[in-house]
Structures are given as C-alpha cells and as structure tokens.
**Q** 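Handing you a structure now.
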Amino acid sequence: MRRYFFEVLAVALIGGSLFFFKETLDYLARRDYVAALLVMVIGVAVISVGKEMARLALVQRD
Amino acid sequence: MPVSEPTTERRWRTFADVVAFALGTNVWISIVILPAIYVGGLHGMRILSSMLPFAVLMLGLARRSEGILLGLFPAAVLLPVSLQPQLASQHVYGEVRFGLVAAGVIAYLFGVSFFTTFHEPPAPRSVRQLSSAQQGTASRWQRRERVYWGLTALSIIFPAALIAWVDYDGAIADFLGKMYPGRVALMTTALTAGAIGLWLGVFHYAFLGVLRPHRTGDRDLVSALTKARAEAKSGKPRARFYAAVATALAAMAALVLMRHLS
C-alpha cells in the first residue's frame, strides 16, 4: 500500500513540476527574469522531491 | 583446407572492390560530373578539381583503405562543389533527383562499410557445441542490435531531412534571396555543409556517446544503480529531500514577497 502511495506521490510531484516550468516560460515571455528564475528553482526543487519519493517507492517494491 | 582460404578471401576482396568502384563512380558522376555539365562548368582547371574525387576513389581502392573510401572520398566530392557552389543549387537538383542522389550516396556508404569489413571465416578444423550458444542471443545484445538499426535509420533520415529542408524550403530560399542577393547558391551550399557538419556532431556526441559506455557493459550505470539501491534501503529520504523542500518554500516566499513589495 505504501509503495503505491509513494509511486502516486512521485508521479504527481514530477508531473506537477512541469507546471512550474511552464510558468517559467510565461514569465520569460513577459521579460520578468527574476520571477522566472524563482519559479524555475521551485520546479527543480519539486522534481527533486518527486525523485526521492520514487526512490522510496523502489525500496517498498523490493 | 589451406588452399581454399586465400581464394575465398581474394574473391570477397574483388567483390568488395567492384561494389566500391561501381557505387563510388555513381556518386562522383551524379554529384560532380552531371551537375558540372549541366551548369557548363567542365572546362579548364575545373576539370582537374572534378577529376580529384575519382583519383581519391582509385587511391582508396588501390590501398583498400576504409579511411580514404569513407572519409577522404566524400570530402573530395565536396571540393568541386565548394569551388563551384552552383553545382549544388536548387536548379540543378530537383526533388526527385535529390532523392536519387541521396539514395546513391547511402548505397555507397553502406556498401563500402559493409563489404570492405566482411570476410569469409576460414573453415573450422573441428566443431564443438557450446552450452551458451544454445541459449540464443542475450537480451542485452538484442537491445544493442535494435540500437544499431535505430542509428542506421537515423543516419538516413536526419541528414536527408536537414539537407532537403535547407535546399527546398521556400521560406529559406526567400530569406537568402533577400539577405544575400546574387549569392543564393553560395549561401545554400554553405548552409548544406553546415547541416552535414551539425549532423556529424550530433551523431558523434549524442548517439555514439551513448553507445560507448554500453559497449563496456553499462559498468558505470550498473554501479550507480547498485549504490542507489543500497542507499534507498534505509527507507528514509536523503538530506537532499529536505534541502529541496526548504529551497522550494524559500523560493515561493521570495516570489510572494517580491509581488507584495512591487
């Protein structure tokens, strides 16, 4: 059960990080470079958390 | 059978030479000679530059050198084109003719690379079945063969698509006509050379770069996976998990603060 929980969480976080990268592009198009940088950092951080969740799911599978 | 080995070897060599000569001559005639006749550029010193690729082909055949046949000869074919850029202009190459020439070049490259390295193995003195031979090809090598076929397909599609795009896209031709009036053929040839260079770079770094570690059994990847699995056995997220959460929260706070201040 925990394995599926971690897997769903990992997919949601990694997929959700795409939203932040899309926002980054929107900010860049509006020439708001500082905001774009901050949102990109958020996206990278979210994808890192998703990666950790995927590792935990891998342990549960073993 | 010690007498039959050199005979078989000679027969293969002769066959490889004939294939390389026929396909190489086809490439030389279709890329250099016919366009030169078409644009009236086969006179004076230009005849010498037009004959150079053929001389290089003969040298490659005489020395049976893969380096000359697969590297120097294609480069020599481009020399007359660089001296007379109109040889590669749109007016010389219609779309059908471009397809035929591309097929000829592909046939030459594949024919030479295959037949010059193919050798008939000598007859074995004795035959013994190995147990591993009955298990069939390992899945790893089947994967690798699929990658080879994928690379072969990409080696045909990528450069042909790039060159066709550069040479036959109306928007590019219009842009070059506007930016470089009177020098469209020269600029198109330069762009075509750039497309070939781009493809060679991508192939060398992106495609062959992936195959090299695979050749050594993915040693780096396997050790990295083993290490990751051992670390994950603890069942707790690593320190970088907490660092990532803290970074995301800090960046969000900075964004909110920035919006609030502005």
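Not measured: the values here are computed from a predicted model. Computed over heavy atoms, backbone and side chain alike; hydrogens, waters and symmetry mates excluded. Proteins come first, then strands; the chains are lettered A, B, ... in the order of their sequence lines, and each starts at number 1.
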**Q** Under a 4.5 Å heavy-atom cut-off, does chain B meet the side chain of A:Y27, its backbone, both or neither?
**A** side chain
**Q** Counting only heavy atoms from other residues, nucleotides and ligands, does the tally under 6.0 Å from CZ of B:R240 exceed 12?
**A** no
**Q** Go through the atoms of B:M258 and report whether side chain, backbone, both or neither lie under 4.5 Å from a heavy atom of chain A.
**A** side chain
**Q** Is it the case that atom CZ in B:R259 sees more than 12 heavy atoms from other parts of the structure closer than 6.0 Å?
**A** yes
**Q** Of all the heavy-atom pairs spanning A:A45 and B:T247, show the shortest one and how long it is.
**A** CB-CB, 4.4 Å
**Q** Any idea which heavy atoms bring B:A244 and A:V49 closest together, and the distance?
**A** CB-CG2, 3.7 Å
**Q** Name the region of A:V39, side chain, backbone, both or neither, that has any atom closer than 4.5 Å to a heavy atom of chain B.
**A** side chain
